[in-house]
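Below is one structure, written out as C-alpha cells, with a few remarks after it.
Each chain gets a letter, A, B and so on, in the order its sequence line appears, and its residues count up from 1.
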Number of protein chains: 2
Amino acid sequence: MINVENNKQLQLDNQLCFPIYALARDIIAAYRPLLEAIDLTYPQYLALLVLWEKQEQSVSQLGEHLDLDSGTLTPLLKRLEQKGLVNRKRSLADERIVLISLTESGSLLRTKAANIPPTLLKSLSVSAEELENLQRIICKIRKNIHKI
Amino acid sequence: MINVENNKQLQLDNQLCFPIYALARDIIAAYRPLLEAIDLTYPQYLALLVLWEKQEQSVSQLGEHLDLDSGTLTPLLKRLEQKGLVNRKRSLADERIVLISLTESGSLLRTKAANIPPTLLKSLSVSAEELENLQRIICKIRKNIHKI
DNA sequence: ACAATTTGTATTGCGCACAATATAGTTGTG
DNA sequence: CACAACTATATTGTGCGCAATACAAATTGT
C-alpha cells in the first residue's frame with residue numbers, strides 16, 4: 001500500500017530538483033549552436049572564461065573556480081591544448097604544478113565569444129529583477145548545500 | 001586590446017549560467033550519499049520517480065517526462081533491469097515499442113526513497129516563498145528557452 | 001637528514017548526455 | 001500488394017563528471 005504523504009513528497013521533489021537539473025541541460029543545449037561555431041563545448045568555454053580573466057593558472061586553481069577536479073580538467077585541458085588554445089607546462093618552482101596559459105589563438109577567441117552571452121541572455125527572456133532574484137536564491141542554496 | 005564591454009558580458013555570463021550549471025551538480029552531489037544507500041544514481045532515481053507515478057510506460061514516454069533520448073535511456077534502463085528493478089518487454093501491439101514496468105522490487109523501493117526528498121529539501125534551507133519563486137522563474141526560463 | 005605526511009596532477013573506470021547512424025517495425029498511398 | 005515515408009528503439013562515438021587510485025614532488029616533524 002502506498003502512503004499518500006510519500007507520494008506527495010516524491011512529486012514535490014520532482015518539481016524542485018528535476019527542473020534545476022533539466023534547466024542546466026537546457027542552458028548547455030542553448031549554448032551548443034553558439035559554441036559549435038567556435039568549436040567549443042560548454043565546459044571548455046567555462047574554462048576559457050576563467051582563463052580570460054587571469055591568463056595563467058594552475059590546474060587546481062581552475063578547478064576551484066569551476067568546482068571541477070583533475071579527473072575532469074586534465075583531459076579537457078589536453079583537448080584545449082590540441083586545439084592550440086592553451087599551453088600546459090610544469091612550474092619551475094614546484095614540479096607538481098601544471099600551469100595552464102592561453103595561447104595567442106586562445107586569447108583572440110575571447111573577441112569571438114563576446115557576442116554569446118548577450119545572445120543567450122536575450123533568449124532566456126527574464127526581467128532584470130527576476131534574474132537578480134534567481135541569482136540570489138541559487139547563491140543561497142549553493143552556500144547551504146556546501147555546509148552539509 | 002580587450003574591450004571593456006566584452007569583458008563585462010563574459011563576467012555576467014559567468015554569474016548567470018554557471019551558477020545554474022554548478023547548482024545542478026551540487027544537487028546531484030547532495031543526493032549521492034542518500035541514493036547510494038539504495039544503490040541508485042540520480043538519473044536512475046528520476047526514471048523511477050516517473051515509473052512510481054505510472055507503473056508501465058514506453059521508453060519514449062519516459063524520455064518525454066525526463067527530456068532524455070534513447071541513447072541515454074536504453075543503457076540506463078538496462079542497468080535498472082540488471083538490478084531487478086524494472087522489466088523491459090516489447091509491446092505485442094507494436095513490436096517497435098519497448099514497455100518498461102516496475103518489478104515488485106522496484107515498486108517496493110519507493111518506500112525506501114520516500115525519506116530522501118524531505119531530507120534534501122531541509123538541507124537546501126530555502127523558505128517556501130523563495131522556493132515557489134525559484135520554481136516559477138525556472139519554469140518560465142525553460143519555456144522561453146524551448147521556443148528558440 | 002630522513003621518514004611520514006601532504007599536495008598536485010594523472011589515470012582508470014563507470015555512468016550519464018547527446019549527436020549521428022542503424023535497424024526493425026508500421027503506416028499511408030497508389 | 002508494393003513501397004516510400006515514418007516511428008521507436010538500439011548502437012556507436014565523443015566528452016564530461018566524479019570516485020578511487022597512483023605517483024611524484026614538496027613539506028613537516030623529529
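- Ranking C:dA19, D:dA8, D:dT11 by closeness to the B:Thr74 side chain, first place goes to D:dT11.
- Of the listed nucleotides (C:dA19, D:dG17, C:dT9), C:dA19 has the atom at the smallest distance from the side chain of B:Asp69.
- B:Asp94 places its CG atom 6 Å from the P atom of C:dT27, with the value rounded to the nearest Å.
- Phosphate contact (OP1/OP2 of D:dG17, side-chain N/O of A:Thr72, threshold under 4.0 Å): absent.
- The residue B:Leu76 sits close only to the backbone: its heavy atoms come under 4.0 Å of sugar-phosphate atoms, none of a base.
- Close to D:dT11, at under 4.0 Å from its OP1 or OP2, lies a side-chain N or O of B:Lys78.
- In this structure, A:Thr41 reaches the sugar-phosphate backbone alone: every heavy-atom distance under 4.0 Å involves primed, P, OP1 or OP2 atoms, never a base.
- OP1 or OP2 of D:dT9 lies within a sub-4.0 Å distance of a side-chain N or O belonging to B:Ser60.
- Candidate nucleotides C:dT11, C:dG8, C:dC16 were compared by shortest atom distance to the side chain of A:Ser70, and C:dT11 ranks first.
- In this pair, A:Tyr42 and B:Tyr21 present their aromatic rings perpendicular. The plane angle is above 60°, beyond the 30 to 60° band.
- Of the candidates C:dC18, C:dT9, D:dT9, the closest approach to any side-chain atom of A:Arg25 belongs to C:dC18.
- Backbone-only contact: A:Leu68 has heavy atoms under 4.0 Å from sugar-phosphate atoms and none from a base.
- Without hydrogens or angle criteria, B:Arg90 side chain to B:Arg96 main chain gives a donor-acceptor distance under 3.5 Å.
- Between A:Arg96 and D:dT27 there is no side-chain polar atom (N or O) within less than 4.0 angstrom of OP1 or OP2.
- The minimum heavy-atom distance between B:Ala113 and B:Ile38, with the atom names listed, is CB-CD1, 4.2 Å.
- Between A:Leu85 and A:Leu109, some side-chain heavy-atom pair lies under the 4.5 Å cut-off.
- One finds no side-chain N or O of B:Arg90 lying less than 4.0 angstrom from the OP1 or OP2 phosphate oxygen of D:dA8.
- Between A:Tyr21 and C:dA17 there is a side-chain N or O to OP1 or OP2 distance below 4.0 Å.
- In terms of modelled atom types and a separation under 3.5 Å, the side chain of B:Arg110 and the main chain of A:Leu10 share no donor-acceptor contact.
- Contact check, B:Gln44 against C:dC16: a side-chain N or O comes under 4.0 Å of OP1 or OP2.
- In this structure, the nucleotide among C:dT9, D:dA10, D:dA25 sitting nearest to the side chain of B:Arg88 is D:dA10.
- Nucleotide C:dT27 holds its P atom 12 Å from the CD atom of B:Glu95, rounded to whole Å.
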